[in-house]
Amino acid sequence: MITSKLTAKGQTTIPLPVRQALRLRAGDEISYSIEGDGVTLRKGPDTGAKAPFETFNEWDSDADRIAYRDL
């Protein structure tokens with residue numbers, strides 16, 4: 001059995017073997033299902049949404065930063 005501790009703020013770290021098994025990465029959503037006195041944790045649905053500015057990465061070069069730095 002894999003365990004982790006709960007902090008005073010109600011936070012915990014998901015242990016590495018669990019993150020690997022679910023292929024979790026930073027920013028992924030997690031869903032919980034309460035079943036009696038237990039909980040099932042699953043990787044949430046992939047919404048396909050990107051980080052807000054990831055779409056604009058084609059304008060993120062050194063040349064772009066120099067060209068637009070005074071704007």
Quiz prompt | Heavy-atom check, side chain of Ile30 versus side chain of Ile14, under 4.5 Å | solution = yes
Self-check item: Heavy-atom closest pair, residues Thr12 and Ser4
Solution: OG1-OG, 2.7 Å
Quiz item: With hydrophobic residues grouped by side-chain heavy-atom distances under 4.5 Å, do Leu22 and Ile2 end up in a single group?
Solution: yes
Quiz item: For Thr13, which residues count as a side chain to side chain contact (heavy atoms under 4.5 Å, CB included) partner, sequence neighbours excluded?
Solution: Arg19
Scan the side chains in residues 32-43 for donor-acceptor partners under 3.5 Å anywhere in the protein, sequence neighbours excluded, and list what turns up.
| from | atom 1 | to | atom 2 | distance (Å) |
| --- | --- | --- | --- | --- |
| Glu35 | OE1 | Thr40 | OG1 | 3.1 |
| Glu35 | OE2 | Thr40 | OG1 | 3.2 |
| Lys43 | NZ | Arg23 | O | 2.9 |

Practice problem: Could you list the residues that satisfy side chain to side chain contact (heavy atoms under 4.5 Å, CB included) with Lys5, not counting sequence neighbours? | Solution: none
